[in-house]
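Below is one structure, written out as structure tokens, with a few remarks after it.
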Amino acid sequence: MGLLDNINYMYCSLGFISLEFAWDLYLILRQRSTVKKTRNPPEDVQKLMDKETYTKSRLYSLEKINFGVLKDVYDQLELTGITLQFVLLYLWNFAGKSIGYLGYDGEIIQSNMFLVQTTIISFFIHLPWSLYSKFIIEERHGFNKMTLGFYFKDSLKKIVVSQIISSILVTPLIYLIKLGGDYFFIYAWAFTFAFTMAIFFVYMDFIAPLFDTYTPVPASPLRTAIEDLAKSINFPLTKLFVVDGSKRSAHSNAFFFGFYKNKRIVLFDTLLDDSCNPMLGLDEDGNKKQFPSEEKEEEEKAKKGCSQEEVVAVLGHELGHWFHGHVYKPMIINQFVILGMFYSFGILVKNQQMLADFGFVEEQPTLISLFVIFQFIFSPFNRAMSAVSIYMTRCFEFQADRFAVGLGHGEKLQSSLVKLVTDNLSFPLADKLYSTFNFSHPPILERLEAIRAEMNKKKED
């Protein structure tokens, strides 16, 4: 115990975080080297995309990597400076003075004021990085669809909603930790679990519509094909939506949502090509309108998105996640992890020297204790869990691909994945070590090879 008393927890935590940063920087530079030196597409990549698309994806990837390295270096310097200069202490005291000026006091109110002020400060500090990413990099490569006005309006809504959710979470949590006694960790875990489930239930109906428009897919061949897919595997589909993701970005996606027998499928409008998009010819109220004029720029004439069969194949993969319980398995594991972390927090928070090393000598607020222990002290554990999560997710992706192949969608799944890669200008090559630690989805060449192997295996059977 004497050895632990001589440890400076702040320096030890910063030391590990700095090593973690150095490792991540080494990995991203390996990936940068792979992208930079592979100027021409290898033979297996030539089957996926033409030379022009490959060059575009390479330049896009290089620009994102270069920008990411600069931002990561800045973020590391910012975190180090904030920690060494005890900025958290100054911000906490400033929150206390702010509520005092308004005629209030108390740790709960001060904690909520601290969250509001730090969120606003963080937004403005990181605003230049965000603007450059969206309006320079994404704009240059044809992905950004937002205007500045939309961006700031959207950001304001996100700040307000996140603060409301944070306040609802943090306020009872602090009470439970302070008043829960020796078994507070059980109460804290139970509350966070209930809170997460509540957010999950209300998200699609009350939160998501604040930011995007979810339009029910009208009667169409696409809707019929998706409903037939759901029925074939007893997927309890209750609603099918198209979301207007194109107002933000040209990137595409699809996902399912919901618990038990209330499942919903959401398709990004950018996922659908013109041949199967049932939303073409509808205005914002869902009424018929004239189709766009044929006089378009060459960029917009380029066919993007997936055909109806390819969309069904993509959903076959997504529903494979449902069939194999890929949503519930990590959720159950995470609950045990969170319970263990709250239990460990209860032991560590008794060590007053720990927070004193971060500048909080006279006062040791519960919110600050949560932040320091979960973000700094638990950083080695968080890193290990991240690696486990990436590995597990990659296994799930391969399993979901096999499920789609089993449904007979192997060929269309391959072509849809190729289209998603080309439409999103995803660079098709990856350094092995970098992808192992960073890609939750396997690289495209690995996925296609695995899909073909599964198709051949199915033919043999």
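Count residues from 1 along the sequence. Since the structure is predicted, the reported quantities are computational estimates derived from the model, not experimental observations.
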* **No-hydrogen, no-angle side-chain donor-acceptor test under 3.5 Å, E138 and S133** => no
* Close side-chain approach of L267 to L315, heavy-atom, < 4.5 Å -> yes
* **Pairwise distance CE(M354) to SG(C12) - rounded to 0.5 angstrom** => 10.5 Å
* Could you grab the distance from atom NZ of K157 to atom CD1 of I159, nearest 0.5 Å is fine? => 13.0 Å
* To do: Using the salt bridge (Lys or Arg N to Asp or Glu O under 4.0 Å) rule, take R383 and D24 through it: C-alpha gap first, then chi angles, then the decisive distance, then the call.
  => CA-CA 11 Å; R383 181 68 183 206; D24 288 337; 2.6 Å; yes
* To do: Might you confirm whether atom CD of E411 has over 12 heavy atoms from other residues, nucleotides or ligands at distances under 6.0 Å?
  => no
* **Derivation and outcome, side chain to side chain contact (heavy atoms under 4.5 Å, CB included), residues V35 and I65** => CA-CA 10 Å; V35 177; I65 289 174; 4.2 Å; yes
* Side-chain heavy-atom pair Y214, V242 within 4.5 angstrom cut-off -> no
* Please round to the nearest 0.5 Å and tell me the distance separating atom NZ of K134 and atom CG of L148. => 12.0 Å
* Structure fact -> Minimal heavy-atom distance between P172 and S167, with the atoms involved, is CD-O, 4.1 Å
* Asked: Taking K458 for the side chain and G406 for the main chain, is one N or O donor matched with an acceptor at less than 3.5 Å?
  -> yes
* Asked: So do E454 and F398 actually touch side chain to side chain, heavy atoms under 4.5 Å?
  -> no
* Can you tell me how far the OH atom of Y9 sits from the CG atom of L348, to the nearest 0.5 Å? -> 8.0 Å
* To do: Decide yes or no for P216 and L240: does some side-chain heavy atom of the first lie under 4.5 Å from some side-chain heavy atom of the second?
  => no
* Checking side chain to side chain contact (heavy atoms under 4.5 Å, CB included) for the pair V312/H409: CA distance, chi angles, key distance, verdict? -> CA-CA 8 Å; V312 171; H409 300 300; 3.8 Å; yes
* Candidate pair L271 and N253, rule side chain to side chain contact (heavy atoms under 4.5 Å, CB included), full reasoning -> CA-CA 6 Å; L271 178 69; N253 197 7; over 6 Å; no
* In terms of ring plane angle, is the pair W23 and F437 parallel, tilted or perpendicular, where the classes change at 30° and 60°? -> perpendicular
* Hey, can you tell me if F257 and F200 have their rings parallel, tilted or perpendicular (30° and 60° cut-offs)? => parallel
* Structure fact -> Exactly one of Y434, Y54, F439, Y60 clears ring pair (Phe, Tyr, Trp, His ring centres under 6.0 Å) with F427, and that residue is Y54
* Structure fact -> Note: T34 and T38 closest approach over all heavy atoms is O-OG1, 2.7 Å
* Which class fits the ring pair F195 and F191: parallel under 30°, tilted 30 to 60°, perpendicular over 60°? -> tilted
* **W189 side chain to I338 backbone, donor-acceptor under 3.5 Å** => no
* What's the spacing between D75 CG and I82 CD1 if we round to 0.5 Å? -> 9.5 Å
* Would you mind reporting whether L420 and S426 have side-chain heavy atoms less than 4.5 Å apart? => no
* What class does the angle between the rings of F135 and Y151 fall in, given that below 30° is parallel, 30 to 60° is tilted and above 60° is perpendicular? -> perpendicular
* So does K419 pair up with E310, basic N to acidic O under 4.0 Å? -> yes
* Please step through side chain to side chain contact (heavy atoms under 4.5 Å, CB included) for the pair I233 and L319, ending with a clear verdict. => CA-CA 9 Å; I233 58 174; L319 298 189; 3.7 Å; yes
* Sole residue of E52, M49, H141 in side chain to side chain contact (heavy atoms under 4.5 Å, CB included) with S57 -> M49
* Please check if any side-chain donor atom of D273 sits under 3.5 Å from a side-chain acceptor atom of S307, or the reverse. => no
* Asked: H321 and F396: aromatic ring centres closer than 6.0 Å?
  -> no
* Asked: Any donor-acceptor pair under 3.5 Å linking the side chain of N262 with the backbone of G258?
  -> no
* Asked: Has the side chain of R223 got a donor or acceptor atom that lies under 3.5 Å from a matching backbone atom of V217?
  -> yes
* **Smallest separation among heavy atoms of N144 and E139, with atom names** => ND2-OE1, 2.7 Å
* To do: Could you point out which residue of E446, Q399, H441 forms a side chain to side chain contact (heavy atoms under 4.5 Å, CB included) with R394?
  => E446
* Asked: Less than 4.5 Å apart, any side-chain heavy atom of D154 and any of R248?
  -> yes
* Asked: Do S252 and D423 have a side chain donor and acceptor closer than 3.5 Å?
  -> no
* Is the backbone N or O of D431 less than 3.5 Å from a side-chain atom of Q31, with the two atoms forming a donor-acceptor pair by type? -> yes
* To do: Would you check if the distance from the ring center of F374 to the ring center of F342 is below 6.0 Å?
  => yes
* To do: Could you tell me whether D228 atom CG has more than 12 heavy atoms of other residues or ligands within 6.0 Å of it?
  => yes
* Would you mind checking if D401 and R447 are paired as a salt bridge, meaning a charged N to carboxylate O distance below 4.0 Å? => yes
* To do: Would you check if H126 and E78 make a side-chain contact, meaning some heavy-atom pair closer than 4.5 Å?
  => yes
* Asked: Does atom CZ of F150 have more than 12 heavy-atom neighbours, drawn from other residues, nucleotides or ligands, at distances under 6.0 Å?
  -> yes
* Least distance between heavy atoms, H324 atom then K329 atom -> O-NZ, 3.0 Å
* **Side chain S389, main chain M385, donor-acceptor under 3.5 Å** => no
* Asked: D50 and K56: salt bridge (Lys or Arg N to Asp or Glu O under 4.0 Å), yes or no, with the steps?
  -> CA-CA 10 Å; D50 56 35; K56 288 180 179 179; over 6 Å; no
* Asked: Distance-only, no hydrogens or angles: does the S232 side chain make a donor-acceptor pair with backbone N or O of L229 under 3.5 Å?
  -> yes
* Asked: Are V405 and K457 side-chain neighbours, meaning at least one heavy-atom pair lies under 4.5 Å?
  -> no
* If the plane angle is over 60° it's perpendicular, under 30° parallel, otherwise tilted; pick one for F123 and F152. => perpendicular
* Please say whether the positively charged group of K71, taken as NZ for Lys or CZ for Arg, lies over the ring of F67, i.e. under 6.0 angstrom from the six-membered ring centre and within 45 degrees of the axis. => no
* Nearest non-hydrogen partners of F378 and S344, listed with the distance -> CZ-CB, 3.8 Å
* Any donor-acceptor N/O pair, S435 side chain to K432 backbone, under 3.5 Å -> yes
* Side chain Q308, main chain L222, donor-acceptor under 3.5 Å -> yes
* Asked: What orientation do F185 and Y183 show, parallel under 30°, tilted 30 to 60°, or perpendicular over 60°?
  -> tilted
* Taking all heavy atoms of S246 and all of D269, pick out the closest pair and write down the distance. => OG-OD2, 2.6 Å
* To do: Measure centre to centre between the rings of W322 and F235, then say whether the value is under 6.0 Å.
  => yes
* Interatomic distance, L14 atom CG to F21 atom CZ [nearest 0.5 angstrom] -> 13.0 Å
* Look at the side chain of T213 and the backbone N and O of D244, then say whether any donor-acceptor pair between them is shorter than 3.5 Å. => no
